Amino acid sequence: MSNLTDLTVAEIRDGFRAGDFSAREVAEGFNANVAAAKALNAFIVETPDKALEAADAADKAKAAGETLGALAGVPIGMKDLFCTQGTQTTAASHMLEGFVPTYESTVSGKLWAAGAGMLGKLNLDQFAMGSSNETSYYGNVISPWRRNDGGNAALAPGGSSGGSSSAIAARLCPAATGTDTGGSIRQPAAFTGISGIKPTYGRCSRWGIVAFASSLDQAGPMARTVRDNAILLETMAGFDPKDSTSLDLAVPQWEAGLSSDLRGKTVGIPNEYRPDGLNEEISAMWDRGIAWLKDAGAKVVDVSLPHTKYALPAYYIIAPAEASSNLARYDGVRYGQRDLPDGAGLQDMYAATRAAGFGPEVKRRIMIGTYVLSAGFYDAYYTQAQKVRALIARDFDLAFEQCDLLLTPTAPSASFALGEKQADPLAMYLNDVFTVPASLAGLPAMAVPGGLDSQGLPIGLQIIGKALDEQTVLNAGLAIEERAGFTARADKWW
Amino acid sequence: MSSYRIQGATGEWEVVIGLEVHAQVTSNAKLFSGAATAFGAEPNTQVSLVDAAMPGMLPVPNQECIRQAVRTGMAIDAQINKWSRFDRKNYFYADLPQGYQISQLYHPIVGEGQVEIVLDEKNPDTSTKVIGVERIHVEQDAGKLMHDQHPTSSYVDLNRSGVALMEIVSKPDMRSPAEAGAYLAKLRTILRYVGSCDGNMDQGSMRADVNVSVRKPGEEFGTRTETKNVNSVRFVMAVVEHEANRQVDVLEAGGKIVQETRLYDPDRNETRSMRSKEDAHDYRYFPDPDLLPLELDDAFLEACRASLPELPDVKRKRYEQALGLSAYNAATLTADADTARWFETLVSEAARIQGKGESDVAKASANWLLSELYGALNRLGKTLDTSPVGPTDGAELLALVADGTISGTIAKQVFEIMLETGDKPGKIVEEKGLKQTSDTGAIEAAVAEVLARNGDKVEQYRGGKEALFGFFVGQTMKAMQGKANPQVVNELVKKALAG
């Protein structure tokens with residue numbers, strides 16, 4: 001029998017149902033991989049017992065001839081931004097170290113209810129703020145990939161869902177949850193040669209996900225194949241009355257609707273995503289992607305998204321503004337970290353707790369956010385950024401009058417070495433330049449791998465769709481996946 | 001009353017007052033969570049994950065709270081905004097778990113409206129003044145700090161955290177302590193009629209921030225101070241009076257009024273500075289990204305409007321015009337929703353029992369309620385809520401008088417027994433044999449005996465001292481133990497004296 005941990009979600013699901021192997025065998029296989037991969041630091045908490053428990057339940061249900069959940073027998077990783085009842089949830093912060101929720105996030109709850117098992121809580125950038133996983137309080141995740149230059153430089157798995165991307169690429173789990181605020185699913189997927197989709201804002205409930213920027217945060221799946229993403233997203237999505245911004249719409253059957261035949265579809269290529277000085281290999285990959293979509297029957301047109309260059313600045317006003325308010329609840333009063341120096345009053349406790357509980361990047365964003373919302377600056381920054389956001393959304397609306405989807409690069413480069421960009425926050429923020437506009441517009445967007453660059457590192461493509469049209473995004477992803485034939489995997493060194 | 005002036009050394013000063021009233025919305029659940037809202041529960045027993053601001057928790061608007069705010073707006077004839085939005089007011093305090101209060105700064109749910117106050121209770125129809133309302137918005141209440149539980153630490157009770165408040169902001173239209181008091185009392189009456197707030201100021205369900213400034217009549221508005229969380233009508237009036245006089249003293253001594261927040265100390269009847277504008281928080285208001293804008297459709301607004309009860313001003317006029325009550329009685333009976341409800345039950349029952357129209361029995365009902373019942377309740381230290389006599393029994397008593405079964409004097413006795421025993425008036429009259437008699441034979445006999453015993457007075461009467469008529473009637477009633485029909489007694493006495 002082939003190695004169970006090399007199987008995709010669809011293969012595990014189907015093989016388990018066909019009786020090719022037991023759910024327990026699958027869970028044990030992944031548990032072993034997780035246990036052997038400490039060097040990647042992908043998990044903050046490992047929960048092998050949870051994985052086994054779900055597997056045994058699946059095996060038992062199957063033996064009893066009961067109806068099986070959509071994900072019965074499939075173990076997954078859970079980004080440590082999702083609150084999990086009875087299992088520590090930290091958002092990779094010191095602030096929430098030791099915090100054990102008494103409740104389960106809506107999205108994780110749906111996955112468990114569908115039969116999935118939890119392999120552990122995946123590492124991430126602290127409070128999902130970062131693009132390299134270097135802001136985690138629990139140490140940075142390391143990508144399984146290495147450059148082919150013979151050096152051993154530890155590379156960034158991307159961020160913030162870097163634990164998810166690293167773990168999937170290294171076969172520690174077949175799939176994982178991610179969250180995406182400005183690219184936190186797509187950029188790490190691109191860095192590690194896997195796929196991930198951020199659905200339309202409102203598709204997945206935010207209830208129980210530690211908030212970063214409420215108007216942008218959106219959960220989504222990450223996996224090795226487009227089909228696996230479709231399978232997971234079907235379970236994760238759906239209306240939740242506990243989230244006012246959740247969409248009260250039926251969840252489409254995305255997996256059943258998968259088709260790589262793009263005849264009749266028009267793909268827009270936005271000029272503004274090819275700035276001067278764009279990495280040549282990224283540019284070449286984009287051209288290959290265009291050719292693949294044409295090959296799949298799509299028509300290709302040039303479109304313009306004229307306000308693209310303002311997206312990143314607007315994002316780095318709106319997201320920190322919301323974060324500065326969302327993170328005010330971590331005050332040492334009710335849960336999590338509390339630093340109470342001798343003789344401290346309330347203000348001293350706040351200061352000490354928040355100084356110790358938050359890392360530098362989180363503090364930086366809280367300060368930016370506080371600044372842009374303060375009296376006298378609000379109109380110049382926040383109001384202006386909201387106007388830009390509206391213009392960016394309109395850019396997409398106009399472009400989608402000419403096309404059904406957009407194809408762009410996912411990130412401006414392949415993965416970089418840890419420490420390389422940490423000193424310059426602005427250089428780090430530029431990682432999000434291609435992913436942020438779709439976030440601001442709340443549109444579904446997906447990263448799929450296209451191939452390896454000359455350093456032997458994965459680079460990928462981004463597909464952006466119309467609101468609620470995840471199906472077309474997935475279908476275009478499938479078309480690329482079939483043509484890219486991306487089978488490369490990192491050599492095991494960990 | 002609008003000529004209220006403070007006599008200073010430099011001449012007369014006028015007071016300008018605006019009130020921001022926080023009214024807790026009557027609802028079983030909080031504004032954005034399903035937690036309960038009952039008053040007086042054990043600390044931290046009415047707290048949901050949302051109220052405690054646990055990680056990942058999200059607010060979901062409670063439609064009942066929105067409905068109550070809209071109904072309140074309609075009751076003060078205000079603009080209802082079909083599109084409104086929630087904003088976050090950011091500040092750190094231990095009683096504010098989220099680190100922000102969800103409120104409505106930029107787009108409140110209710111716009112401009114008005115409240116009519118009565119300046120002279122004796123003339124409720126003519127001496128009125130309209131006080132403008134700037135807006136009503138809904139927001140979350142904070143929790144409560146308890147400083148008396150531990151020698152060096154404070155405890156936090158989150159039961160109130162997230163409870164829905166309406167903030168009702170008046171225009172600076174009031175000019176005297178009495179006007180401020182009348183406005184607050186009237187607002188409370190309206191809220192209780194509508195049922196959107198219980199108006200219990202002693203329980204904190206309703207409290208006022210009092211904005212006061214002074215100026216020389218005709219000049220521009222002066223700098224104002226805001227005295228926070230004043231929790232009775234009487235205290236609001238005291239705050240205005242005290243604060244206005246303090247400001248006049250400061251100004252006349254050559255000082256300046258600082259825009260600041262003050263606290264009222266009822267024990268000393270004075271206000272104290274809490275913080276000045278310079279230390280004011282920068283609240284960094286911005287639209288709450290967890291919530292979509294609130295959009296109200298016509299059907300919802302229609303349902304809100306249809307659910308409104310008859311409001312106090314309309315009711316008062318109806319009492320005067322349709323029921324024929326005096327303006328004063330009408331005002332007194334409508335000043336409180338519960339009193340009006342009690343009165344209306346009394347009237348409809350009285351009309352039903354007597355087979356008459358409501359306007360035929362309303363006056364007697366009003367008089368009995370306001371003098372007999374209120375007198376008794378006052379004496380017993382009770383209220384209508386706890387009255388031992390209900391409106392149905394009251395109506396029965398009124399009917400016994402109206403149909404001549406008992407006299408007014410006997411009715412007072414019966415009522416006393418009702419208060420003591422809770423028995424029905426009919427039963428009391430029956431058991432105690434209090435039915436009045438119109439048996440002319442018995443009365444004639446009694447009259448004859450009275451006249452026989454008082455021959456001298458009969459002479460005097462016949463000699464022109466007609467004032468003695470009452471004496472003969474009284475003696476006859478006494479002889480009949482009060483049970484004789486007074487009209488019959490009158491007639492028979494007159495007849496006997498004439499003979």
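Each chain gets a letter, A, B and so on, in the order its sequence line appears, and its residues count up from 1. Keep in mind that what you see is a predicted model, and the values were worked out from it rather than measured.
For A/Thr383, no part sits under 4.5 Å from any heavy atom of chain B, backbone or side chain. Both the backbone and the side chain of A/Asn326 have a heavy atom closer than 4.5 Å to some heavy atom of chain B. Neither the backbone nor the side chain of A/Phe377 comes within contact range of chain B; no heavy atoms are under 4.5 Å apart. Proximity to chain A is absent for every atom of B/Tyr283, based on heavy atoms less than 4.5 angstrom apart. For A/Ser105, no part sits under 4.5 Å from any heavy atom of chain B, backbone or side chain. The part of A/Leu96 that comes within reach of chain B is its side chain, from C-beta onward, which places non-hydrogen atoms under 4.5 angstrom from that chain. Only the backbone of A/Ala321 comes within contact range of chain B, judged by heavy atoms closer than 4.5 Å. Only the side chain of A/Leu346 comes within less than 4.5 Å of a heavy atom in chain B; its backbone stays farther off.
Ranked by heavy-atom pairs under 4.5 Å with chain B, the list A/Ser244, A/Gly332, A/Gly345 is led by A/Ser244. When each of B/Leu292, B/Asp290, B/Leu49 is checked for heavy-atom pairs under 4.5 Å with chain A, B/Asp290 comes out on top. By number of non-hydrogen pairs under 4.5 angstrom with chain B, the leading residue of A/Val210, A/Val333, A/Leu216, A/Thr245 is A/Thr245. Ranked by heavy-atom pairs under 4.5 Å with chain A, the first of B/Gly99, B/Ser33, B/Ala53 is B/Ala53. The greatest number of non-hydrogen atom pairs below 4.5 Å with chain B, out of A/Gly208, A/Pro101, A/Ala211, A/Ser325, is found for A/Ser325.
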A/Arg354/B/Phe92 under side chain to side chain contact (heavy atoms under 4.5 Å, CB included): CA gap, chis, key distance, verdict: CA-CA 12 Å; A/Arg354 291 168 67 83; B/Phe92 283 92; 3.6 Å; yes
Stepwise side chain to side chain contact (heavy atoms under 4.5 Å, CB included) check, B/Met54 with A/Phe99: CA-CA 10 Å; B/Met54 300 302 285; A/Phe99 173 66; 3.6 Å; yes
Check against side chain to side chain contact (heavy atoms under 4.5 Å, CB included), B/Arg284 and A/Tyr378: CA-CA 8 Å; B/Arg284 290 169 285 125; A/Tyr378 180 82; over 6 Å; no
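Once rounded to the nearest 0.5 Å, the distance linking OG of A/Ser215 with CG of B/Leu291 reads 12.0 Å. Atom CG of B/Leu58 sits about 8.5 Å away from atom OG1 of A/Thr106, to the nearest 0.5 Å. Summarising the geometry, atom CE belonging to B/Met57 is positioned 6.0 Å from atom SG belonging to A/Cys83; distances are rounded to the nearest 0.5 Å.
A donor-acceptor pair is defined here as one N or O able to donate and one able to accept, closer than 3.5 Å; such a pair exists between the side chain of B/Asp282 and the backbone of A/Ala375. Counting only distance, with no hydrogens or angles, the side chain of A/Arg206 and the backbone of B/Gly56 share no donor-acceptor pair below 3.5 Å. Within the 3.5 Å criterion, the main-chain N or O of B/Ala94 finds a donor-acceptor partner in the side chain of A/Tyr350.
For A/Tyr103 against B/Pro55, the heavy-atom pair with the smallest separation is OH-O, 2.6 Å.
Heavy-atom neighbours of B/Lys144 NZ from other residues, nucleotides or ligands within 6.0 Å: at or below the threshold of 12. The local environment of CD in B/Gln63 is sparse, with at most 12 non-hydrogen atoms from other residues, nucleotides or ligands closer than 6.0 Å.
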